[in-house]
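Questions regarding the structure given below will be posed in turn.
All heavy atoms count here, side chains included; hydrogens, waters and symmetry mates do not.
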Amino acid sequence: MAQRRSLAVPYGAPVLAISFLACVATGLELSVNNHAADFTLSTALGPPISLSCLVHNSSQAEELLWYRGDGQVGLKDGNKVNISNICISPVNESDNGVTFTCQLARDKSVQVSVILDVQFPPQLSGEETLHVEEDKDVTLTCNSKSNPQAQTTWYKDNHSLTLQQNRHELYQTSEVLRLSIRKVQKSDNGTYTCVVESPLGNGTRDFHLIVEDKKPVFPKEAVIAAAVVVTLTIFFGVVAQKDKCLKVW
């Protein structure tokens, strides 16, 4: 009777195979602009910048992917294998802080990211003219964008603004500077200037505050009562005239 024969496998073969694959995977690397690890790229507004991603230690054609933040960048067919280039042109404020990532298509754990540090002088915006009634509250909002972050100051009629406790309140973030004034008075009339100072330049924004006379407030109850009295008087007058006309007729 024929006996079954099994193919003997060396005990250490699976371990050696796994170790070999691990070495191959570990040897495969990417670089972006000659950086093999994540890095920050400082640049200015306007001139375009190029990012070049290159595959290292590969024995086969490797497809590459590019991402801008969470969105994938469209690449042409000739710009995907082993080396891939993208161009950001022109560089603007919206590119500041954005992460560009190059990934290996078959193994997305192999990747290199670059964060753009776009430096630019202050750029200010905000409503220029505000009308407010006396005794009302008002807020002047100065929107400021700059990199690096700048120092901000408020002026009134070309003089440093003296803040009064319980009347003036300042609120500031990296992109917004607000000046709130409670119960404005005629003395608050004037031009308020938001001044932003940065190593790359300064920016100013004027806000013209016009305090108008307080509008008289009429009590609603009195107005309604007066309207009712006038209506009834007219109604009874018409009825009386009608009775006289009927008697004459």
Side-chain angles (χ1 to χ4, degrees), residues 25-58 61-128 139-153 170-179 194-205 207:
T26 304
L28 191 62
E29 295 181 349
L30 300 181
S31 69
V32 173
N33 290 15
N34 296 322
H35 291 266
D38 297 348
F39 68 103
T40 299
L41 178 62
S42 295
T43 184
L45 291 178
I49 59 173
S50 296
L51 301 178
S52 180
C53 184
L54 181 65
V55 179
H56 299 274
N57 305 326
S58 175
E62 297 287 354
E63 183 181 355
L64 296 172
L65 305 175
W66 272 105
Y67 288 87
R68 185 186 192 276
D70 295 328
Q72 187 171 348
V73 178
L75 301 174
K76 294 182 179 180
D77 291 338
N79 190 29
K80 294 181 179 181
V81 179
N82 288 346
I83 184 170
S84 180
N85 300 282
I86 61 173
C87 181
I88 300 98
S89 177
V91 176
N92 55 48
E93 299 89 343
S94 63
D95 295 316
N96 183 46
V98 174
T99 300
F100 287 86
T101 303
C102 179
Q103 291 182 348
L104 199 65
R106 68 181 179 88
D107 185 359
K108 294 186 178 181
S109 65
V110 181
Q111 64 177 31
V112 176
S113 296
V114 50
I115 301 175
L116 295 189
D117 177 30
V118 183
Q119 301 190 352
F120 54 93
Q123 298 179 353
L124 309 183
S125 63
E127 188 177 355
E128 295 181 343
T139 298
L140 311 180
T141 302
C142 181
N143 301 309
S144 171
K145 288 186 177 182
S146 63
N147 185 34
Q149 189 172 350
Q151 294 183 345
T152 54
T153 310
L170 291 178
Y171 171 82
Q172 182 175 356
T173 67
S174 60
E175 295 188 356
V176 175
L177 180 64
R178 293 193 183 103
L179 170 63
C194 173
V195 179
V196 181
E197 299 176 325
S198 163
L200 300 180
N202 300 334
T204 61
R205 183 77 172 182
F207 298 84

Quiz item: Counting distance only, does the side-chain N/O of N82 pair as donor-acceptor with the main-chain N or O of V55 below 3.5 Å?
Solution: no

Quiz item: What's the spacing between L124 CG and K145 NZ if we round to 0.5 Å?
Solution: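 Answer rounded to 0.5 Å: 11.5 Å.
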
Quiz item: Shortest non-hydrogen contact from G201 to P122?
Solution: O-CD, 3.2 Å

Quiz item: Is atom CD of Q72 surrounded by more than 12 heavy atoms (other residues, nucleotides or ligands) closer than 6.0 Å?
Solution: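 More than 12 within 6.0 Å, yes.
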
Quiz item: Hey, are R106 and E63 close enough for a salt bridge, meaning a charged N less than 4.0 Å from a carboxylate O?
Solution: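 The answer is no: the pair does not qualify as a salt bridge.
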
Quiz item: Passes side chain to side chain contact (heavy atoms under 4.5 Å, CB included), V91 versus F120? Steps please.
Solution: CA-CA 11 Å; V91 176; F120 54 93; over 6 Å; no

Self-check item: Any D95 side-chain heavy atom under 4.5 Å of I88 side chain
Solution: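 Touching, per the 4.5 Å side-chain cut-off.
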
Exercise. Return yes if some donor-acceptor pair links the side-chain N/O of T101 with the main-chain N/O of S113 below 3.5 Å, else return no.
Key: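 No, because the side chain of T101 does not come within donor-acceptor range (under 3.5 Å) of the backbone of S113.
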
Quiz prompt | Trace of the side chain to side chain contact (heavy atoms under 4.5 Å, CB included) decision for V110 with E62 | solution = CA-CA 12 Å; V110 181; E62 297 287 354; over 6 Å; no

Quiz item: Under 3.5 Å, side chain of N143 to main-chain N/O of V176, donor-acceptor pair present?
Solution: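 Checking the backbone N and O of V176 against the side chain of N143, no donor-acceptor pair under 3.5 Å is found.
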
Quiz item: Side chain of D117, backbone of T40: donor and acceptor closer than 3.5 Å?
Solution: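 Checking the backbone N and O of T40 against the side chain of D117, no donor-acceptor pair under 3.5 Å is found.
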
Self-check item: Test side chain to side chain contact (heavy atoms under 4.5 Å, CB included) applied to N33 and V114, step by step
Solution: CA-CA 9 Å; N33 290 15; V114 50; over 6 Å; no

Quiz item: How far apart are the closest heavy atoms of L30 and Q111, and which atoms are they?
Solution: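 It is CD1-CA, 4.0 Å.
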
